[in-house]
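Throughout, a chain's letter reflects where its sequence line sits, starting with A, and its residues are numbered from 1. Only this structure's heavy atoms are used, side chains among them; waters, hydrogens and symmetry mates stay out. Because the structure is predicted, anything quoted here is derived from the model rather than measured.
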Protein chains: 2
Amino acid sequence: MRRKAAPTISDVAALAGVSRAVASRALSASKRPVSGDKRDRVLAAAAELGYRVNLLAQSLTTKTVNLVAVLVNHIHDLSDLDLFDLLLAEIQAGGRQVILVRVGSTDKVEEFLRQGVAYHVDAALVFSDFADAATVRRMFRSDLVIMLNGRHDHRSPAIIPDEAVGIGQAVADAAAKGVKRASLVTGRASSLVEQARIGLYRRAFQFHDIQLLRTWQGDYSYRSGHALAPGLLDGGQPDAVFCTSDAMAMGILDVFRTDFPDNRPARFRLYGFDNLSLLDFEAYPISSIGYDKAAYVARMLRLLNEPPAGEGTFAPELVPTRYVPRLTG
Amino acid sequence: MRRKAAPTISDVAALAGVSRAVASRALSASKRPVSGDKRDRVLAAAAELGYRVNLLAQSLTTKTVNLVAVLVNHIHDLSDLDLFDLLLAEIQAGGRQVILVRVGSTDKVEEFLRQGVAYHVDAALVFSDFADAATVRRMFRSDLVIMLNGRHDHRSPAIIPDEAVGIGQAVADAAAKGVKRASLVTGRASSLVEQARIGLYRRAFQFHDIQLLRTWQGDYSYRSGHALAPGLLDGGQPDAVFCTSDAMAMGILDVFRTDFPDNRPARFRLYGFDNLSLLDFEAYPISSIGYDKAAYVARMLRLLNEPPAGEGTFAPELVPTRYVPRLTG
DNA sequence: CTGTTAGCGCCTTCAA
DNA sequence: TTGAAGGCGCTAACAG
């Protein structure tokens with residue numbers, strides 16, 4: 001399966017009758033001193049040979065690979081594909097490529113570490129909550145680890161949604177509609193982000209004099225919401241059910257949905273979290289909490305393109321969230 | 001933002017008091033001649049320094065990067081995330097990482113080519129239908145381009161679903177239930193895969209004496225199905241509507257769904273294509289056509305792990321499809 | 001503007 | 001079993 005060896009810059013230089021250095025300069029994207037004559041000859045030679053620079057070899061001297069690692073738990077955890085699609089497009093627009101690393105579990109992280117290999121990427125974006133900042137800095141020989149999972153420390157920049165606003169708005173909406181008793185459906189309580197989120201709901205309930213009937217433990221998935229739904233009304237009927245993920249809310253909705261075309265539960269108001277684009281379909285008209293994806297991605301790109309200098313300490317940047325009303329709210 | 005330079009194998013060798021060659025051998029995964037004594041010292045030194053081999057530098061000599069490129073149109077086009085998640089996990093299990101390349105349009109491919117760079121990946125998996133085999137072979141300096149989009153030639157291996165079986169079963173199911181008149185909702189007709197698929201439906205209709213009332217042109221998306229749905233019954237009422245993607249069928253279902261909990265259109269039977277995992281939710285109980293994802297991924301991995309030798313010519317491998325009945329069929 | 005030189009980090013001869 | 005040397009493909013630094 002071996003093709004004839006790819007032409008190197010030496011081949012190009014030889015064919016053009018110049019030194020390798022001149023060929024390198026002529027081929028460079030940035031302006032470098034080369035006479036017009038030789039530049040033309042080099043370019044012609046490169047075209048004739050079908051030459052393409054080997055980025056890996058290049059990176060050995062330039063110390064930059066144009067590679068960004070993106071760490072996720074599972075693909076499904078890209079809670080919003082729109083967000084990820086945008087991110088990928090923007091990174092590629094900047095001439096970089098993405099190494100998508102699926103972590104899946106803390107074990108995987110340790111295995112990764114044990115293997116002792118490291119892609120020396122320019123930066124790492126961490127969505128997965130199975131890795132903390134220090135670990136990722138070790139996994140990749142990168143100075144620029146951007147934490148998006150809440151497990152940041154002061155040594156790496158972080159961007160996190162400011163959930164207080166959106167949660168406050170959602171609970172206020174419920175209160176305004178007369179909700180007095182609520183239940184809360186949560187994800188893995190081990191996650192710091194989730195703990196903070198739960199805290200915000202509790203405070204908002206308190207502020208609006210809403211009684212928290214009960215907290216249910218799911219795992220963010222549709223399946224978990226669906227599974228716990230049948231018991232949801234046991235021991236007190238809530239006026240509203242708040243879920244810390246849209247997927248769980250969808251699972252609950254599928255158990256409680258009543259008449260078409262209303263599609264909402266009759267017994268309680270339902271609030272999700274994430275504002276999945278799926279919710280714009282008629283089948284899941286769930287009121288939710290989301291943030292400005294474009295702004296979120298823009299923040300990440302600013303960090304990638306203008307990496308903070310020095311060994312600074314970092315405070316997390318906040319991206320505002322907002323309540324998005326739909327039929328179930 | 002610069003951390004102290006990462007330790008190299010020279011640092012390890014120096015600390016262990018051996019030559020770089022010995023350090024290299026000691027650190028190698030495969031068995032190489034090193035005395036137990038020195039091996040221990042090298043390993044200890046590596047651990048002390050937090051040494052991790054630079055895969056990119058390694059690849060310069062070994063000619064293998066352990067990097068696989070995966071080309072997709074948009075993320076949404078990963079018509080099945082389950083498939084992609086499995087693929088990613090399996091590739092990583094083999095010690096490789098994935099560069100996810102979002103192509104988006106034919107323009108992007110040309111831009112990629114124009115830039116003149118090339119990641120010398122070990123292999124490329126092509127889901128995107130914006131690139132043909134020859135182009136991808138040029139994009140990446142790879143001998144192993146696995147085509148999954150139907151745009152293969154004889155020089156690269158290909159795996160494609162054998163859609164004849166699934167489509168045959170679906171149409172037979174409809175015929176058995178008395179369907180006499182059908183409409184067909186398609187995606188981009190420019191795609192070879194789509195043309196073949198349409199041809200299979202036509203032949204199956206003919207075989208079962210089903211009249212094809214009309215063909216509607218969508219673009220695989222929910223939005224397109226939703227948009228064309230209102231006109232679907234104009235000029236003749238079909239007994240069944242076949243869609244070449246589940247997303248379009250979902251869009252149509254949301255326009256025509258009637259009573260809960262039946263959730264299906266009253267006026268016609270509805271058949272999708274892809275067997276998205278979303279269809280297992282109650283909200284979209286669409287009969288569909290799918291294939292064995294695990295088998296599909298297994299085929300890809302066999303090609304990755306045991307790359308065919310020599311300059312052989314390749315005939316596409318077929319993965320069987322099957323009809324998956326649900327409420328709407 | 002140009003060519004030479006000296007590496008980047010690693011591995012693989014090769015001779016000892 | 002070991003170490004020295006050479007080279008993978010490329011570019012920065014340096015003279016000219």
Side-chain angles (χ1 to χ4, degrees), chain A residues 2 4-42 45-46 49-67 116-122 140-141, chain B residues 2 4-42 45-46 49-67 116-122 140-141:
Chain A
R2 199 129 286 289
K4 59 185 172 307
T8 74
I9 201 167
S10 293
D11 299 325
V12 175
L15 182 58
V18 299
S19 72
R20 292 185 327 189
V22 169
S24 170
R25 288 194 275 260
L27 260 9
S28 162
S30 51
K31 291 226 178 308
R32 296 286 181 67
V34 197
S35 67
D37 166 44
K38 299 204 172 177
R39 151 168 283 116
D40 293 345
R41 269 156 50 201
V42 168
L49 261 30
Y51 169 79
R52 349 211 67 207
V53 61
N54 181 339
L55 253 42
L56 268 31
Q58 194 177 59
S59 77
L60 216 46
T61 46
T62 61
K63 299 290 180 198
T64 161
V65 252
N66 288 320
L67 238 32
V117 304
Y119 289 91
H120 293 215
V121 296
D122 295 334
F140 300 90
R141 274 279 179 245
Chain B
R2 199 131 286 291
K4 58 185 176 305
T8 73
I9 201 169
S10 294
D11 300 323
V12 175
L15 181 58
V18 300
S19 73
R20 294 181 323 184
V22 170
S24 170
R25 288 193 277 260
L27 260 9
S28 163
S30 50
K31 292 223 178 310
R32 295 288 180 67
V34 197
S35 66
D37 165 44
K38 299 204 172 177
R39 150 168 284 115
D40 293 344
R41 270 156 50 204
V42 168
L49 293 173
Y51 169 79
R52 349 211 67 205
V53 59
N54 182 340
L55 254 43
L56 268 29
Q58 195 176 62
S59 77
L60 255 188
T61 44
T62 60
K63 299 292 179 197
T64 163
V65 252
N66 288 320
L67 237 33
V117 306
Y119 290 92
H120 293 216
V121 296
D122 295 335
F140 301 90
R141 274 278 178 246

Any sub-3.5 Å donor-acceptor pair from [X]'s side-chain atoms to [Y]'s backbone N or O?
X	Y	result
A:Asp122	A:Asn66	yes
B:Arg41	B:Ala16	yes
A:Asp11	A:Thr8	yes
B:Thr62	B:Gln58	yes

Examine D:dT11: is either OP1 or OP2 under 4.0 Å from a nitrogen or oxygen in the side chain of A:Lys63? Give yes or no. no
Considering just the side-chain nitrogens and oxygens of A:Ser19, establish if one lies under 4.0 Å of OP1 or OP2 belonging to C:dT4. no
What's the [atom1]-[atom2] distance between [X] and [N], to the nearest Å?
X	N	atom1	atom2	value
B:Leu60	D:dC10	CG	P	9 Å
A:Ile9	D:dG7	CD1	C1'	17 Å
A:Leu56	D:dT11	CG	P	13 Å
B:Asn66	C:dC10	CG	P	15 Å
B:Leu55	C:dC8	CG	C1'	16 Å

Please compare B:Thr61 and A:Arg32 by the position of their nearest nucleotide in DNA chain D and report the one closer to 5'. B:Thr61
Closest-nucleotide mapping onto DNA chain D: is B:Gly17 or A:Gln58 further toward the 5' terminus? I mean the 5' end. B:Gly17
Where each residue is assigned the nucleotide of DNA chain C containing its nearest heavy atom, which of A:Ser35 and B:Asn54 is assigned the position nearer the 5′ end? A:Ser35
DNA chain C: 5'-proximal contact among B:Arg25 and B:Ala57 (nearest heavy atom): B:Ala57
Please confirm whether any donor atom in the side chain of B:Arg20 sits under 3.5 Å from an acceptor in the base of D:dG6, or the reverse. yes
